[in-house]
2 protein chains.
Amino acid sequence: MDIDTNLLATAERLFDQDGFHATGMGRLVEESGLSSRTVYKHVGSKNALMARVLAARGDRFFAHADFTSTRALFDSVALWARREGARGCLFFRLRAETGGAVPEIEAAVAAYHAQLHARLAALVRQETGAADPTLTDQLLALFEGATTAATYRGPAVIEAAGACAVHLIERGRSS
Amino acid sequence: MDIDTNLLATAERLFDQDGFHATGMGRLVEESGLSSRTVYKHVGSKNALMARVLAARGDRFFAHADFTSTRALFDSVALWARREGARGCLFFRLRAETGGAVPEIEAAVAAYHAQLHARLAALVRQETGAADPTLTDQLLALFEGATTAATYRGPAVIEAAGACAVHLIERGRSS
DNA sequence: TCCAATGTAAAACGATCATTTTACATTGGC
DNA sequence: GCCAATGTAAAATGATCGTTTTACATTGGA
């Protein structure tokens, strides 16, 4: 595996499991099997690394998530949570850890939020035939809430939220 | 104002605005106008302080939130967000910052989640006449999601989620 | 009045951490 | 065959931070 890919994957795993502050660069050096010099030559800084981790995470998530229908979306999210564990949205968590003070991370989070909202808006348009900002916000809330609540109630919450979302969409279609 | 009350309130404000790690104890010493010796005599440690902040936060939130009806609940949450700002659930954020490694904080978060879930379950029972775990999870997801999404979409999301919740409850009542 | 509690002011401690530097080894392309 | 790039190993740097300690002032009640 490529060094950069290896570093990105290791960092994502550590940040996701233990958090940004709890994961020191020394830990990344150990687990990657590289020297600290090489690590820094590749990632630049911890902040830059985290921004790249978030970008990669977003790409991976949007590649996995199935936005062809509301049901497919929540099913794919439930599958993701079961495979990767439900520890809450990594974007939100890492943002909380840095208190909004790191511009690179704010940018990565904003990009993710923009894409998430746009995809949900498109899903609403596709399923109901018209744009509906309120319905989009409701799907967004269900999505975010399912992700968050699943951290302490388990992945079943995602299915419950999905059923709610499907019902909402069906209701929006007939209007 | 009492020293303890003052410290708790100042700490909650700082932790909420800037985060746990970004807020050093020196900052709390400055803003409280006390000496570090006195601060530590009162709060014990930063971890213990944070656990007490969370307990107080929970008390304050449940004293403010109106669980008499679904509509009243989301309206009161929207009002809270407008008054205090929407930076996401403090329990979730502080938990993310500590990576689950601080027992005192895990306990405070678990207590909050248990109470939140119990109150929502009771609300469902009261409004529909019967317990409904799935409906309770859906309300929970809408609540958590509204809180989270409001951080980047504004408090309007909370109203949209509230409308969705009210609709869900009405549908549950007629079944 | 006196003492014990409680406070201030400020330096010191000890640990952690991100990051850099020094010295040296390996290696692949011209 | 050589050199420039790229890697390792490990110590050093410099800053931050939670927490403690030292020395001293204030004060309220028995």
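Lettering of chains follows the sequences in order, A, B, ..., and the numbering in each one begins at 1. Below, all heavy atoms of this structure are taken into account, side chains as well, without hydrogens, waters or symmetry copies.
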Salt-bridged, A/E12 to A/R60, with N to O below 4.0 Å? yes
Touch check for A/G33, heavy atoms < 4.0 angstrom, all strands: base, sugar-phosphate only, or nothing? sugar-phosphate
Would you mind reading off the distance between B/K41 atom NZ and D/dG18 atom C1', rounded to a whole angstrom? 17 Å
Whichever of B/N47 and B/R37 has the more 5' nearest nucleotide on DNA chain D, that residue is B/N47
Pairing of B/R27 and B/E31 as salt bridge, 4.0 angstrom limit: yes
Any base atoms under 4.0 Å from A/H21, or only sugar-phosphate, or nothing? Heavy atoms, all strands. nothing
Find the distance A/M25:CE to D/dA11:P and express it as a whole number of Å. 19 Å
Pair B/R82 + B/E159: basic N to acidic O under 4.0 Å: yes
With the threshold set at 4.0 Å, does a side-chain nitrogen-carboxylate oxygen contact exist between A/D4 and A/R52? yes
Could you tell me how far apart A/E30 (CD) and D/dA10 (C1') are, to the nearest whole angstrom? 14 Å
Interatomic distance where NZ belongs to A/K46 and P belongs to C/dT19 [whole Å]: 8 Å
Starting from P on C/dC13, measure out to OH on B/Y40 and report it in whole angstrom. 17 Å
Side chain of A/S36 - closest among C/dT20, C/dA11, D/dG7: C/dT20
Could you check whether A/I3 gets within reach of a base, just the sugar-phosphate, or nothing at all, counting any heavy atom under 4.0 Å? sugar-phosphate
Between P of D/dT19 and CG of B/L28, the distance in whole Å: 11 Å
I need the CG-P distance between B/L34 and D/dT20, as an integer number of Å. 17 Å
Starting from P on D/dT16, measure out to CZ on B/F20 and report it in whole angstrom. 19 Å
Selection from D/dG7, D/dT20, C/dT19 that lies nearest to any side-chain heavy atom of A/T38: D/dG7
N-O pairing of B/R93 and B/D16 below 4.0 Å: yes
Please determine if a side-chain N or O atom of A/H42 lies less than 4.0 Å away from the OP1 or OP2 oxygen of D/dT6. no
